Amino acid sequence: MSLVPEMATLVEKRYLDPHHSLFRFIFDNELKREGFGFRPGQFVMLSIFGVGEAPISITSGPDEKGFIELCVRKAGRVTTVLHNLEENSKVGIRGPYGNGYPVEQMLGGNLLIIAGGLGIAPLRSLIRYALWRRDAFKEIYIIYGARSPENILFRGEMENLVLRNDINCLLTVDSTYGQPWNAHVGRVTDLLERVRMPLKDTSVAVCGPPVFYRFVLNKLLSLGYSKGKIYMSLERRMECGMGKCGHCVVGHKYTCVDGPIFTYWDAINLPEIF
Amino acid sequence: MTYSHLPVKGKMIFLTIEKSRLKEFLEAVSDECRLIVPEKKGKSTYIFREYTDFSKVALEFVRTIIPPKRFFFPPSETLFSYTKTEGLSVSSESESFTVIFGVHPCDLHGINILDKAFSYGGRDSFYWRKREKVGFIGLSCLPDKYCLCKSMHTDFIEDVYDIFLYTLDDVYMVSVRTAFGDDLIRLKSDLFKSPTKREVVEYKKRIMERDSMFTRIMDITNLADLLTLEYKSEVWEEYSRRCLFCGSCIMVCPTCQCFDVYDTTDLTKGISYRIRRWDACMRKDYALVAGGHNFREDRAARFRFRYLHKEIGFAEMQGRATCTGCGRCSETCPAGIDMVEVVRRIRE
């Protein structure tokens, strides 16, 4: 375990919307490139030398080898510089860190994935994990909400998921803002009413901004989902990723080691959760 | 010289050394490796610094301003440098072997707590690179009005140290815990004898006397429950109005481990450095994330967080409160905030 990152190269930048892009990296070290394994929901510490380091959840699927993809919002110092980097630029990456989703426990059951805005970033990894081994799950529902149609990240991919008949993918926007849109307009919680899966054996993975969590969690509880089967991904300031620097502590847990994935039950018993 | 942390609990060797001959022993240790000792700095302040002269070594002092952690967890350190042409370069300065003399039981407990903290979630290579090359000669002490070690169960230590000296009338009772401690003793083995019956009696008398000298008591029974029940207490609000949020209590704490990681660039040479330095959970932007959300902005919440975390937050990992009762925070606070008083108010 070290605070020293591995060198990596930015090989591809994919524009998603004015604030978000998808960045693909490959490790310079061949052994690291082939050997880098992770679980959906884990994150890496991304370094831009001379600027700093930031925790970013992994957006590519764990079965895609040789590269990793990070979906990043232009939000702070490091991420703003990242957005301005040209392809073939050098960065540093260390990790993966965190617990990730307990996929072994999810296998064999139903899966309900609920994303709001950039919350799709870690969940895209879980979606790819589940679709890679589609037969290992029963029913799969994916619900994704964004502010407007142009804010639907990975729009092409998401629309392809809507067309698949082995899963149910439902999209919604708060408002169309006059842009073309033929899916739902309204809240994610409206779409939760449409989910037709037995509650038993259903794991729920939720990720989105704090206010999104509040509405979705209340709705899930009123629909009868178990707090122990609702998985949240918490965002906190992280500077080490190794349970030492202290910045990500919530109650008595380190988000970077004990999380970032917490069941709703574990999370509500932590003070300062939102 | 080799070094090993042998678990010899329960079969420690006890020896004695005449007080007048401690100088010879420390000189021998200082010939062998870097020796750090406590020295008087101001009127009543002490610091750990490199050994120069035995007459400067403080043998009867209560606490140093900064705990000894800075010798393996420095206030600021460069982790690596980076240049476009040469890539990453991890600083690989070879650490010289260091012995710190005069460490009191509370601070040795503090080191034990830091050792666990820097191992949780994976060993911190920068910490352990230095820590593995530090040995300790502990020294007994007498409490002042700030000492809380008895309440925090840190007034004795059976761990961490290599050698521990109990001050008696004419001699030090010497406990040798590790093979490395034995190596040090053997540098000057003629100075050490087996304890006499009279010295054992004196040791027991001294321990009893010391035990009766504690004037400050903090009741930590069911403190975890109380702090949880009083999470919304107005006491936090009240003290957070007095607190200056200067972070002094954190800078002097033997178990505060938080750090900040940042980059700095030397533009003339085109080198960037990654630095880590001590950080303080009471700082306003401590829990601020990119995009502007601050998970702990409120003053009372920041004040409360430090207390909760010292007393119960790390308890799950450490198996105990991480306060060692050294008294530094209460002595240092410019606003005169005293942890014992805060805890008493919560208990009322």
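Just the heavy atoms: all of them, side chains too, but no hydrogens, waters or symmetry mates, feed the values below. Labels below follow one simple rule: chain letters A, B, ... track the order of the sequence lines, proteins then strands, and each chain is numbered from 1. Here the structure is a predicted model, which means the values were calculated and not measured.
- Salt bridge present: B/Glu132 and B/Arg123 bring a charged side-chain N and a carboxylate O closer than 4.0 Å.
- Looking at A/Lys253, only its side chain comes within 4.5 Å of chain B, counting heavy atoms on both sides.
- Residue B/Arg129: no heavy atom, backbone or side chain, is found under 4.5 Å from chain A.
- Heavy atoms closer than 4.5 Å to chain A are found in both the backbone and the side chain of B/Tyr286.
- Salt bridge status for A/Arg237 with A/Glu239: present, with a side-chain N to carboxylate O gap under 4.0 Å.
- If you measure heavy-atom distances from B/Tyr82 to chain A, the contacts under 4.5 Å come from the side chain alone.
- Of the atoms belonging to A/Ser47, heavy atoms from both backbone and side chain fall under 4.5 Å from chain B.
- Per-residue heavy-atom pair counts under 4.5 Å with chain A were compared for B/Arg276, B/Lys84, B/Arg296, B/Arg274, and the maximum is reached by B/Arg274.
- By the 6.0 Å contact criterion, NZ on A/Lys32 is enclosed, its count of non-hydrogen atoms from other residues, nucleotides or ligands being greater than 12.
- No more than 12 heavy atoms of other residues, nucleotides or ligands sit less than 6.0 Å from atom CD of A/Glu30.
- Chosen from A/Gly76, A/Pro55, A/Cys245, A/Ala75, the residue pairing most often with chain B at heavy-atom distances under 4.5 Å is A/Cys245.
- Looking at A/Asp258, only its side chain comes within 4.5 Å of chain B, counting heavy atoms on both sides.
- Only the side chain of A/Val257 comes within contact range of chain B, with at least one heavy atom under 4.5 Å from a heavy atom of that chain.
- With a 4.5 angstrom heavy-atom cutoff, B/Tyr273 does not touch chain A via any of its atoms.
- With A/Ser175 contributing its side chain and A/Tyr177 its backbone, the two residues share a donor-acceptor pair below 3.5 Å.
- Salt-bridge formation is detected for the pair B/Glu238/B/Arg345: a Lys NZ or Arg NE/NH1/NH2 atom is positioned less than 4.0 Å from an Asp or Glu carboxylate oxygen.
- Using a 4.5 Å cut-off between heavy atoms, A/Val249 contacts chain B through both its backbone and its side chain.
- Looking only at atom types and distance, the side chain of B/Arg347 has a donor-acceptor partner in the side chain of B/Asn222 under 3.5 Å away.
- For the set B/Leu79, B/Val90, B/Thr265, B/Asp260, the entry with the most heavy-atom pairs within less than 4.5 Å of chain A is B/Asp260.
- A salt bridge does not link A/Asp17 with A/Arg155: every distance from a Lys NZ or Arg NE/NH1/NH2 to an Asp or Glu carboxylate oxygen is 4.0 Å or more.
- Open room surrounds CZ on A/Arg77; 12 or fewer heavy atoms of other groups in view lie less than 6.0 Å from it.
- Heavy-atom distances place both the backbone and the side chain of B/Phe118 under 4.5 Å from chain A.
- For B/Ser119, the part sitting under 4.5 Å from any heavy atom of chain A is the backbone (N, CA, C, O) and nothing else.
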